[in-house]
Structures are given as C-alpha cells and as structure tokens.
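Scroll down for the structure; my scribbles are underneath it.
Order of the sequence lines fixes the chain letters, A, B, ..., with proteins taken first and strands second; residue numbering starts at 1 for each chain.
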Number of protein chains: 4
Amino acid sequence: MQRRLRLGMVGGGQGAFIGAVHRLAARIDDCYELVAGALSADPDRAAASAAAARIDPLRSYADYHTMAQAEAEREDGIDVVAIVTPNHLHAPVATAFLEAGIHVICDKPLAISLQEGLELQRLARLHNKVFALTHTYSGYPMVRHAREMVTSGGLGDIRVIQVEYAQDWLSEPLELAGSKQAGWRADPQRAGPAGCLGDIGTHAYHLASYVSGMQPTRIAAELHTFVPGRQLDDHVQAMLRYANGARGMLWASQVAAGEENALKLRVYGTKAGLAFDQQNPNELLVTPLAGETRRITRGRAQSEAAAHATRVPPGHPEGYLEAFAQLYQDAALQILAVDAGLPLPPESSFLTTVEDGVRGMQFIDAVLRSHRNDSQWTALTS
Amino acid sequence: MQRRLRLGMVGGGQGAFIGAVHRLAARIDDCYELVAGALSADPDRAAASAAAARIDPLRSYADYHTMAQAEAEREDGIDVVAIVTPNHLHAPVATAFLEAGIHVICDKPLAISLQEGLELQRLARLHNKVFALTHTYSGYPMVRHAREMVTSGGLGDIRVIQVEYAQDWLSEPLELAGSKQAGWRADPQRAGPAGCLGDIGTHAYHLASYVSGMQPTRIAAELHTFVPGRQLDDHVQAMLRYANGARGMLWASQVAAGEENALKLRVYGTKAGLAFDQQNPNELLVTPLAGETRRITRGRAQSEAAAHATRVPPGHPEGYLEAFAQLYQDAALQILAVDAGLPLPPESSFLTTVEDGVRGMQFIDAVLRSHRNDSQWTALTS
Amino acid sequence: MQRRLRLGMVGGGQGAFIGAVHRLAARIDDCYELVAGALSADPDRAAASAAAARIDPLRSYADYHTMAQAEAEREDGIDVVAIVTPNHLHAPVATAFLEAGIHVICDKPLAISLQEGLELQRLARLHNKVFALTHTYSGYPMVRHAREMVTSGGLGDIRVIQVEYAQDWLSEPLELAGSKQAGWRADPQRAGPAGCLGDIGTHAYHLASYVSGMQPTRIAAELHTFVPGRQLDDHVQAMLRYANGARGMLWASQVAAGEENALKLRVYGTKAGLAFDQQNPNELLVTPLAGETRRITRGRAQSEAAAHATRVPPGHPEGYLEAFAQLYQDAALQILAVDAGLPLPPESSFLTTVEDGVRGMQFIDAVLRSHRNDSQWTALTS
Amino acid sequence: MQRRLRLGMVGGGQGAFIGAVHRLAARIDDCYELVAGALSADPDRAAASAAAARIDPLRSYADYHTMAQAEAEREDGIDVVAIVTPNHLHAPVATAFLEAGIHVICDKPLAISLQEGLELQRLARLHNKVFALTHTYSGYPMVRHAREMVTSGGLGDIRVIQVEYAQDWLSEPLELAGSKQAGWRADPQRAGPAGCLGDIGTHAYHLASYVSGMQPTRIAAELHTFVPGRQLDDHVQAMLRYANGARGMLWASQVAAGEENALKLRVYGTKAGLAFDQQNPNELLVTPLAGETRRITRGRAQSEAAAHATRVPPGHPEGYLEAFAQLYQDAALQILAVDAGLPLPPESSFLTTVEDGVRGMQFIDAVLRSHRNDSQWTALTS
C-alpha cells in the first residue's frame, strides 16, 4: 500500500460547492490526506473552514503565496495542491505552486485566457509536475469505455458529434440575489470573459474531444444572455467542423427550464453510433448501423479503461463523486510515479491534464471570436 | 354519420412507401373510400397497383391530367386527391386538381421551390379548396397538446428550441444500389435542390414551428454530404434566431448510424420546458423550472386538442399510422364543411395546410442561401 | 388482391369500448367490410349504432339468432362474425354462428366456464370453422419475435416467468356510478365468476403462455376485492409451477393507482432473459447471462414472424390498433384458406384461437379453485 | 467538527467484497478512521489485509475475541466495530463486542436464526449500544423520501406492495468453481439455512417494510434451487398478506439471466402509486390515481429525509457507495449522541438497526416454514 499523498487546498471555504466535492473525492480511494489550506481570502472564514476540514490551524494559511512557500519548506509539506478558487485565480495560484515544486490538481476551466493557459502548460512541463485538470466527467468508466471504443475504430470513421450541456439553475438572476456560486460565475472579474461558455461549455467541449479523440478545426458560434442584467453569456450554440470532414454541434445553456445537469454526448461513425448521458452514467448505448442498440453497463464493460475506473459490481450504481474520485486516484498514480522517477503508469493515461485545459481555452477563444464576428466560421488557433 | 369522401390518389404505386401509408391512414377513421388513381407513370404498374388497391380499372388513369379532368366531370367524381409522388410533381399535380375544383391532400415538402409553393397557396385560396399537407407528426395527440400548452403560455416566454431528426438509412449509397425510395430522394431532378433538408429537415422545422407557434427570423446553416457520389445533402445543421430573442438549433441527418427515425423536440420557456420524442409518441415530458418532470400521457392529457386526436384509452399505445390518420380525419372535417359552405370546425384547426408548406419552403430557401454564404445568418423571406 | 371478407358483428353498440376497436382493427389492413350486425339488445340503440357504422338497416338485426339464420341464408351473407358482447354471451352467440356455418372472431375470455369453452372448441372443430380469439397483445410483432426466440431455444431452458397486468381504472366503484364498461365487468351475471381475473388476468396468462410455449402444471393463487361493495375480484396474485421445474408469478390488478395498462412479461432462461412491456411495444429487450442488453426493435427484428406483423419501418411506432388489426389479418388469411379448402398459411400460425381460449378457461378454473382452498397448489385440469 | 470515530473491522480481508465497500463507505463522509481489525481468520491474510488497509500491525488481531478485549482496554480503543464476516459469525462477533461495550455496525442478514437475532436485540438494549444493520438500500435519499411520503399518507391507504430483487450472478455453480463470494453463500454452515432468501430476499423484504412501514401478517412462499448440486435456495417467490388487507408479492432470484442487481419496489395506495428502482436510484416515480407520473429527483425532493442523505446537487448522480456511506454517517450521529448521553438526533432516525434485523429473521423463518408446508399461508411470529 502506497502512502497517502499530502494534499493542500486553495479556495473551497465554507459556502463554496466544489471545494467540498474535491475533499470528498480525495477521500474515496484513500490516496490523500488533507493537511493544509488557504481556504478563503477572508481570515475568519479561512480559519473556520480549516477547522471544519480538520486541518491543523498551523497549516491554515491566510494566502496562497505564503502557503506555497511554507509548504515547500516543510519536510512534511504537501505533495500536491488542489485549486478550487474562482477562475481568475487558477493561473496565479497554479503558478505559485508549480514554481514551489508542488504538483497541481486544478478545477476547470484552466484559466481566463488562452495565453494564461499556455503559460501554465509551459510551467508544468518546465518543472515536471503533474497538472491534473478536473474535467469530472472524464472520470466515468463508461466515458472511458466510449473513448476506447471510438479510438480503436469501433464506430468506424467519425461523421457526426452532438454534444450538449443543459441546466436551469441560472434561469433567474441569482447573482443579484446573493448566491455565492452564481455571484462569481456571473462576474467577468472572477469568471473571465466566458460565462456559461466557461462554466459548462468547456465541459461539453472536453467530453466531445475526450471521447472522439478529435478537435474541431473551425467553429461558428453564438453566445446569448437571456437573463436581463446578467454580465456574461448564459447560453451557447455552436456548429463544428473537423479535419476529417466530420460535423458537429455544441449547445450549452444555464437557462433551460427543467434541466438539472444534462450533459449528453452522441458520436456517430460509419459503422455505429454511441450515446452517453451524464445523468445516467452507469450505461453506454451503442448501436451499429441498422442494428440493435446494446446497453453496455459499468461493471460488464469489457475494457481495461472501464475496469480501472470502477469500484463495485454491475447494478450497484456509481456516480459523480466516484468519477471525481477517479481523477484524484489517477493523479495520485501519476504523482507517485513522477516523484519516484518512474514512467507514468498506463492505467492513469485517461487523466485530464493541462494539455486538455489548453484545448479548452482554445475553444473558448474561438467561440468568443466567432461570436464577435456574427458567428463566422473561425479557426481554432493552436 | 357523414358519407365517406371519395378519394383519388396520384403516385404511390407498388414499391413506393408513402402511398401505402396514405391509403392505410385514409381507412383508419373510415372517412374515405379510395375510388380512383394514377398510381404510376408506368401503365402496367399503374394498372397492377390499382387492382391491388381495389380501384375500379375504369378509374385507374394513365396520367394525372386525364384523371383530374375525368374525375371533375363525373357525377360521382373524387372529392379529394392525395398526392404521393416525388417532390417535383407536387406542384404540377396539385395545380391540375385545384384547377379542376378538387381538394388536395399532399405529401411534404410542398414543392421544390418557394415560388411554386407560393403559387399553390394562391391557387388553393383562389379556388377555396382544402389543401392539407401531411406533416405526419402534427397528427400526434401529444404534439397537439404541447402546442396548446406552449401557445397558452404554459411554458412562459420561449427562450430555446432544440429540434433534431436523425436517421441512418442513407448511410450508404443506396441510390446506387437500386433502392426506389433512395433513388428519387437523391436525384435533384425529382427531389429538388434539398436532400435530407427537404426530406426530413422540413419535418423537424415544421414540428418546432407547429409546437412553438414561432418562425425564426434568421438562420445560419450548413449542409453536408457524407456519402461519396451522392448528389444532394445528407446532413443539415443550423442555428436559429427568433424575433423575441429566442435561440434554437436544428439538426437533421440521414447518416447517423443506429438512429431509426429519431425526431425529437425540446422547447424551453421561462417557466418550464417540454420534450417530445416521436419514437415514443404516447407521452410528453414537461418540467417546470427547478421542478419535477411530469409525464403526460395520451389519453390522460387534459386538452381538447389531444382528446380529439386520440382513439383508445391511456396505456393502449397509438402510433405513426394513427397520427397520419388524424390528418386525414381533420382534412375530411374541413372538406365536408367547405363543401357545405360552413365554417371550418374548430377541432380541425390543428390540420397542417399549404400555409405550413410555404413556411417550409421559406426554411429550405433560407438554409440553401445561408449554406452558399458559408453559413452566414440569413433572413427568412416571407 | 383477395376480396374483402364480409363481416358481421354482435355487440359493440354505442357506448361500448371494444366494439369500436374491432371495427377499426378490421379496417386497417383492408381485409373486411362490415355489412351486418346485432349491435345492441336495445332495438333503438341497435339501429342507431348500425347507422353510425354504415350498416345497411336491412342487415341490422334485433337479435343474434335472427342474424345468424338470415345471414346464413343470404347469397352475400357474412363470412365471419365478430363477437364483442359481455362474457356471458360469448358461448351462446358463437354457438349460433358456428352452427350456421359462419366463422367466428371472439373477444376474450372465451366463455364463463371451462365447460362452455370445451364445447366451443368441439363445435369449431366439428364445423371446421376458424375461431379467432382476440388476445390483442399476441398481435404485436415483438411478442411474436419473443415467441420465436424462446421456442427456438434462444433463451436456453426456461427457468422463470414473471408476468403482470396492472391498471387503476377500477380503483373506485365505477360500477355504482353508472359506467357501462365497469357495470358488466363487475356483474357476475354478465362477466362470469372472474372479475379482474377474467378481464386482464387471462391476458397476462395468455401472454406468458404464448411467448414461453409452456402452461403451468400447478397454481397457488389468491383473489382479492379491494373496493367495498364490489361483487367480483379486482386483484389477483398467483405463483406458478411448470413441468420442467420452471417457476413463475402472475399479478393482475385493476386497483394499482397510477397504472394505465401495464402488461409486462419477463422470461428468463439458462442463456438469456427477455422483457416486453405492452406500453412500449415497438421494442423487446434481451439480455444474455452476464451480458449486454440488446434492444430489438420492430422493423429491425430478424424474424419472419415479426416481419409479417409489421407495416411501417423501424422508428415509425405501431401500436395497440395495429396489433389488433394483425389478428384480423391473420384470421382473414385462415378464413380464405379454409373456405378454399387449402391448408392454413404458415404466416397465420401466430393467430390465437379457441384452443388458447380453452387454456385461459383452465387457468381461471384453477385460480378459482386454489383461491377457495386458501391458495393451495392446484393442478390445471386439461 | 466532531472527532472521527475510531473504527475496527472483523472480516473483510483480501478477496472479500463487502469489507472493502464498508471501508470506502466509512471514509466518504469523514466520520471514521479505521484503526483496528481482525480481517481474516488466516493470520497471513489478516496481516496483509491490515497493511493494505493502513491498520497499525499492533492492532491487527488474529481473532475477534482478542480484538474485542484488547480494544476495550485501550484508552484509544475503537468506538465501533464493523462486522463483515459470513452470516454465521454475525451473532458471535456482535455478542463479543457488545459485551465489551463497543457499538456495532453489522452486515445483513442479522444472524442465522431468529433466536440469535432476538438475543442480539436483547444485548444491544441491555448495553445501550448502537447496533446499525447495513441494509444499504435504506441509505438512498429517494428511498427515504418514499418512506416519508407513504408514512405521511401521500399514497392514501396502502393496497398493494410488489417487491423484487433479481440477479444473475449465481446462474451457474460458481461455488464449485472456487468463487470465494459464492462459496460461503452456498454453504449452509456459513450462510445459514437461507441462500438467496438470506442474501437478497431480506434486502427486498426490508425495502418493502422500510418504505411502507408495514410488516405482513402471513406469507405463502416457495423456495427453489435451479442450479444442480447447489445446497441452498437460489430463487424465492412469495405472496404476502397485511393486517390492513393489503396484498403483496416478493420475488428474489440469483438465476435471472441478464439481471445485474435489480431491486425494485412498487407501492400502491388508494391515492397514488410509487416506483423505485435501485439501479436508477436518483429518482422516484409517483403517479396519482388516473394522473400524471411525477419524476422526483434526488436534490429536488422536498423532504428533510432526502436532503439529509444527499451530498451533491440534482443531476449529479449519487449511487450505491453514498447510500452505504449514509448508514455510516447516521450510525456516527447516533454513536456520538449515545456516548454523550444525549437523545438520538432526529435526522438519524432513518438508520436501520437490530430491530430491522429481527424482523428480517422473522421473515426468513416464516418463509422457511411456509416452504416446508407446501407454501401454506404462515404467520410471522413476533
């Protein structure tokens, strides 16, 4: 049994959503212990949040600079930091820890500009650190099985990719009603220039790319803001063209009344099509051309990729938290390998990393440019 | 009990698909008897097809001109003609019968150009004839219930419309393999300039318009042909803008491996969202903002519109043929009223007519223009 | 094209449910014309109902005895009679027509006692007449496909059969509130000794037997009446034992709040299991032991049996009325063959007949006996 | 933040299934740290298993008697023991720890006889210890919501309860092929007299009782063994009668080809019916009499009970492991309260305890007796 990695956290204080999810995910597979944090910029909230997370008060820091420096100097300093702040801090915080020689697990989107993203990629490579990006949905066994199936040719040549991510929780101006989570997401200072686009559009884009193994070459997109007074987009629609001639569509909305967290992907090739729905993640539907739909279930899926990401037998549903835990487990495998000077273990190769984050920033960048040009077809710069 | 209407048919000879469907649909509610036809341009096939359809040989005609004239002159001539030919003949045949004073039931799309469509609309009005267009899916009770719900404000202000129609049956070049049905659909001479766009794209467009009660003002669209050698598009993707600020997407494909006849509509308003899937037509899903999904079933739906279009109790599924029959039933109600000089019965008001057909041609026209302009946002001309 | 068979009907006057369904079903495949009837015991209702059904007043009879005699004497007399009366009349009416040399299509259950049923079987054989019993659900293509699959060994040796039929429409005492349909069903004089058991329990039993090809040898059953004042059972539960060691359960209820018409069958063998839900009849789910569920759809199912019973392509849902029409179509095929002195066409072999009806009466009989003996395991007499 | 409880474990060494699940579940909500164990009767396996679970070798014990005594004497001894052995050891192990003054979390079924179960209940009360029984499925938020709904009268008077639990993993004689998990389950010495009945039948029975709040008064049941050579039942079917006149059926099978872990419950009352499927646990379907099905989702369900047992927002699926974790969380709440001499916190009242276990043993006992008497209706003794 490997030792537990020592984990620090920046952001995620009381009232935040994703910080608690990261902490829970880190516990599930018993690869981490949370030992340090700068959980809030507010000193009182930071201290209270640290206590609630059972962090030693001496390792609860007032700011991330101090934390990076102090932890780097400790014999028992953290191995890795989880960054769960609003978007605008991802890059500065990650920079501080990478430069302190500490591995990074960062929430998405990677940054608030493509330039920031590229710089983080450069730094991670320079310092030879693991940089895991928590595109949660890539932790699902059936998503990984789908990826294996597509990339091994099981669908034939890919023709069509349809991806969508619909929610309804921002249908009304929650950001004006004091919602902490809506507040920063609708604030360009903290969220960056992309609202729904950055928050869930990137998840949709990533899922499509992750499973298909393809990035589009051009995008024609339109952003829209439905809620009066909102400063950022709450709706994204886009058409995609791929190098091999494939076509696709992407839709993300946070004002789709009745939808909870409806991330859905369909990929069609010359031989078969597949469908995945995040809200029902224990199954993958695959239908051959003119054939019968096969329901492939987690636990019965015949692939190493799916088996590696599953904990309990078929019919015992796993969910969002296990998907998240999978990213933590895979990051741990990579961190242990890197620190030991060993090659990355093959079973961890499904981890999403800074490279995925850069592609997400390219997507955001292209959508913003296309939107400004009345939805003109726009090349993704690399 | 009203008398059965005397029905004639043009097209739909042996080997055709939709002609047999029309005949079956006309029988279901016992409003018609088929008494005349010009079922094929080939005389032998015409005669054999007429015999199979129990049409008196004396009323099996070699061409539709002769038929229109002869039937118009008979005391017991047909009341209405069903036009089930390839697209290019819709306008000339309909013109012949309208001018002979005979009502028309015509398969979709209305014509092969917007100009043709407008002319048919003019003629139908001029001669005061019923002109039913068989957008089958508007015959479903739950589609009509959805329309009532939307237009009565049950969803609030409409924000988003997502419609799609995916099939896989043209994934390979069937038109080169002798398929009669694929043959004319892939032939610009008979199908007109729109392939998948005209065949199923118009169905998707119509369903979205029919339920929402809204036409888009602008469209950004791209056609694509995946199958090598195919002369017309087999894939359509489009983004839509509506006058009230709503946004939408439309996808139609005949190369989506594994899909059978997947016409699906979702409409989201400020208060609720709804979802309809043609392949499961006995239910409509409606979810209020942040609320519980309600499954409304045919037979339990509380609306006149749905009740009018339903035959058997809840839990006894009705399907495609009953939806088709509903159009025939509604057309019969209108024909009997018009012929009696009475106002159209309100319960028949859900029938799709030449006006719907013209809007479909405007859609096709705008998509073709946008496509030629690299998916530029393009206004629908009226 | 074969001639249309001349059809008469007994029962099914205005206000009845199943009579109208029979008439519609008879029209769908264009094999029949309705030309005579004794639609009601009430002369005024009989006449009005005949007019509404476009029956010549001269062939609208006041009673079925007169009708059987008169029609037998006509040159153009009916070929076949459809019996859609309450249960207690099935046997006397069928007897009258069989003895007059007229084929019979009879609604289920066959009769109100096993003895009556055996006598009908004897008569049908004696007079060499087709006796179709309208177990509607056996008209579904996917039910027939399931039967082919089971009887050809596709599931291995059958181990478990679970069948259920749940409705809620008799949850309250409708029979006391003037409901015509509830009225006779809850009246032992007209329904016979079995309430829910005869009305839908027999459908469930038939479906299980039809698909599995097996009859149980013993039944342990309990009837129950939930609605105060009701004279017959509204709930049935039973356990089944089969000769090969298989086990099963049967549940039928008309007081299951929220259920519409939920007839569901599951059959498990040593190699695979299957599931069919009447409310979603265009698909059949088959799952191999430890394998992936395959969704087999109407139109894509690879069997003669399913192909014979399907009208439109996959994805164009067929429903209850088409299933019913299939029984009429198959009966027509058999009647034409018998009248021509030809062997029964193989494609009609899936028709349910008087033999199925006798087995249904054996089932009812055994359940009633087991119930009276405190659910003792009770043999089905043959 | 409360301190983490110190947890010990008996059973669950390498190769076992449920032990690892218990450990993972105990981590999820961060209420426990695993500090001691007697993980295997085999000393080498015990040591290796303890090391893998990060248990201090000094607190890895060779047998549970030693462990109970040693831990009871330590200042920092365990607060609670998790018992994850085969069934025959549940009672002796629980007895040892209860007598040592240590709380118990025990896997189901409670014991191998009703008498054992009653004795454990007496001991737990005598020593005033928490005795949690891990009926996993009672940890699901939607199960708890269902229970609240039923017991608060939302369904009206209960009429019908249908519960089933179908698996296929014992369709072949795995116990003869060296499967550790199948081995003890099919061995009467370790599993007790009930095979499928004890393993999953009790889960089904518990779920029905938990949600309905009712125990049947009489059972008519039959066990069956399909797999040749198997020593215990692999199939259970039963009919149930309740004191209020309600009826029910219970089916459990481990030879239902194609089924993974299909635990399903339906409860019907005079006002509405509900349906829950363990394999899709984030939703509960509720349908009023003659009304529309409402899909109530985890996270949107309006009850304290559901809210208490949910971690992430609607649309972010939780699963089996979170349900399991909920039992650990609730047990922790009770243990902390008992140890502090405080009343049990109301939010922990949904925990399943030794009393539920006794009722499970009454069920097993009655089924065994009914089976021996040819399925005679048999009273549950209390």
Inset, instruction - May I ask you to name which of D/P314, D/A262, D/G319 has the most heavy-atom pairs under 4.5 Å with chain A? - result: D/P314
Legend entry - Contacts of type ring pair (Phe, Tyr, Trp, His ring centres under 6.0 Å), residue D/Y328, not counting sequence neighbours: D/H22, D/Y32
Legend entry - Engaged part of D/Q278 at the chain A interface, taking heavy atoms whose separation is under 4.5 Å: both
Inset, instruction - Determine whether D/R27 and A/D30 make a side-chain contact, defined as any pair of heavy atoms from C-beta on separated by less than 4.5 Å. - result: yes
Inset, instruction - Could you list all the salt bridge (charged side-chain N to carboxylate O under 4.0 Å, His left out) pairs where at least one residue sits in residues 315-325 of chain D, not counting sequence neighbours? - result: D/R298-D/E318, D/R311-D/E318
Inset, instruction - Could you please spell out the steps behind the salt bridge (charged side-chain N to carboxylate O under 4.0 Å, His left out) verdict for A/R23 and D/D29? - result: CA-CA 10 Å; A/R23 291 192 291 271; D/D29 295 321; over 6 Å; no
Inset, instruction - Carefully, step by step, assess A/R54 and D/R4 under the rule side-chain contact (heavy atoms from CB on, under 4.5 Å). - result: CA-CA 10 Å; A/R54 307 188 203 276; D/R4 287 191 191 100; 3.4 Å; yes
Inset, instruction - Enter the distance from A/L321:CG to D/H316:NE2 here, rounded to the nearest 0.5 Å. - result: 9.5 Å
Inset, instruction - Flag the pair D/Y140 / A/P317 as yes when at least one side-chain heavy-atom distance between them is below 4.5 Å, and no otherwise. - result: yes
Inset, instruction - With a 4.5 angstrom heavy-atom cut-off, could you sort out which part of D/D168 is near chain A: side chain, backbone, both or neither? - result: side chain
Inset, instruction - Side-chain contact test, heavy atoms from C-beta onward, threshold under 4.5 Å: evaluate it for A/F17 versus D/P313 and give yes or no. - result: yes
Legend entry - Engaged part of D/F324 at the chain A interface, taking heavy atoms whose separation is under 4.5 Å: neither
Legend entry - Backbone N/O of D/T297 and side chain of A/E260: donor-acceptor pair under 3.5 Å: no
Inset, instruction - Give, for atom CD1 of A/I28 and atom CD1 of D/I28, the distance between the pair rounded to the nearest 0.5 Å. - result: 4.5 Å
